[in-house]
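Quick note: residue numbers are just sequence positions, from 1.
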Amino acid sequence: MTKSLTVAGLLLASFLGIGSAQAGDDMLGSYVARISDRDHHASDGYELSSAAQMVRQDRANWHKFHRRDADDQGDDWFGSNDDRAYLERMLKRGGAMSSSTRNAIVNGEPLIQVDVYSDSVHVSILED
């Protein structure tokens, strides 16, 4: 129960801190996901090399393959392959993730929060 409260507190703090950074973009919502080892590999088995690819694979694992980690939440935006391709393009933009967030995703299995805006996304680490 304490872990749930901690994650809830981190979610709230993250939401409040990011809202002003995306002032010109309407926030659609957020989801939380564990970027686990299964998200570090494409569906056909090859190893992915970028954080953007891994976050996209997490959504493919959620929507298409139903390979979900216990911490994963659903989302209303990335159900189709085209939508996930758009997610990956947004993740590659400057400001979508800090370099420390990219490194944590590529080199570990962090719990992330993805804030989804009308024309951008922002990824933050909730638990490394």
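By the salt bridge (Lys or Arg N to Asp or Glu O under 4.0 Å) test, Glu109 is found to be paired with no residue, residues two or more places apart in sequence or in another chain being considered. Partners of Arg84 under the side chain to side chain contact (heavy atoms under 4.5 Å, CB included) rule, at least two apart in sequence or in another chain, are Arg56, Arg59, Ala60, His63, Lys64, Phe78, Asn81.
Annotation for Val106 and Ala51: closest pair CG2-N, 3.5 Å, computed over non-hydrogen atoms. Across every non-hydrogen atom of Pro110 and Ala104, the tightest pair is CD-O, 3.4 Å. Annotation for Ala33 and Asp58: closest pair CB-OD2, 3.3 Å, computed over non-hydrogen atoms. Between Val55 and Tyr31, the shortest heavy-atom distance links the atoms CG1-OH, 3.9 Å. When all heavy atoms of Ala96 and Met90 are compared, the pair lying nearest together is CB-O, 3.4 Å. Across every non-hydrogen atom of Met27 and Ser30, the tightest pair is CE-OG, 3.1 Å.
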Apply side-chain contact (heavy atoms from CB on, under 4.5 Å) to residues Val114 and Asp75 and explain how you reach the verdict. CA-CA 10 Å; Val114 180; Asp75 69 85; over 6 Å; no

Start with the C-alpha distance between Trp77 and Leu28, add both sets of side-chain angles, then the distance that settles side-chain contact (heavy atoms from CB on, under 4.5 Å), and finish with yes or no. CA-CA 9 Å; Trp77 310 282; Leu28 303 177; 3.7 Å; yes

Set out, in order, the CA-CA distance, both residues' side-chain angles and the distance that settles side-chain contact (heavy atoms from CB on, under 4.5 Å) for Leu91 and Val121, then state yes or no. CA-CA 7 Å; Leu91 289 164; Val121 294; 3.6 Å; yes

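Between Asp115 and Gln113, the side chains place a donor N or O and an acceptor N or O closer than 3.5 Å (distance only, hydrogens not considered). There is no side-chain donor-acceptor pair under 3.5 Å between His40 and Arg38. The closest side-chain donor-acceptor pair between Asn103 and Ser100, if any, does not fall under 3.5 angstrom.
Ion pairing between a basic and an acidic side chain is recognised when a charged N comes within 4.0 Å of a carboxylate O; Asp69 and Arg34 show no such pairing.
Atoms CZ and OG, from Arg68 and Ser36 in turn, are 13.5 Å apart once rounded to the nearest 0.5 Å. Atom OG1 of Thr101 sits about 4.5 Å away from atom CD1 of Ile125, to the nearest 0.5 Å.
Relative to the six-membered ring of Tyr86, Arg89 misses at least one condition, a distance below 6.0 Å or an angle of at most 45° to the axis.
Remark: side-chain polar atoms of Gln53 are paired, donor with acceptor, to backbone N or O of Ser50 under 3.5 angstrom.
Residues Ile112 and Leu126 have side chains not in contact (no heavy-atom distance under 4.5 Å, counting atoms from C-beta outward). Annotation: side chain of Leu48 is in contact with side chain of Gln57 (closest heavy-atom distance under 4.5 Å). Two residues are said to be in side-chain contact when any heavy atoms from C-beta on lie closer than 4.5 Å; Asp39 and Asp37 fail this criterion. Side-chain contact between Ile35 and Leu111: absent, with no pair of heavy atoms (C-beta onward) separated by less than 4.5 Å.
Under the 4.5 Å side-chain heavy-atom criterion for Ile, Leu, Val, Met, Phe, Trp and Tyr, Trp62 and Val116 are members of distinct hydrophobic clusters.
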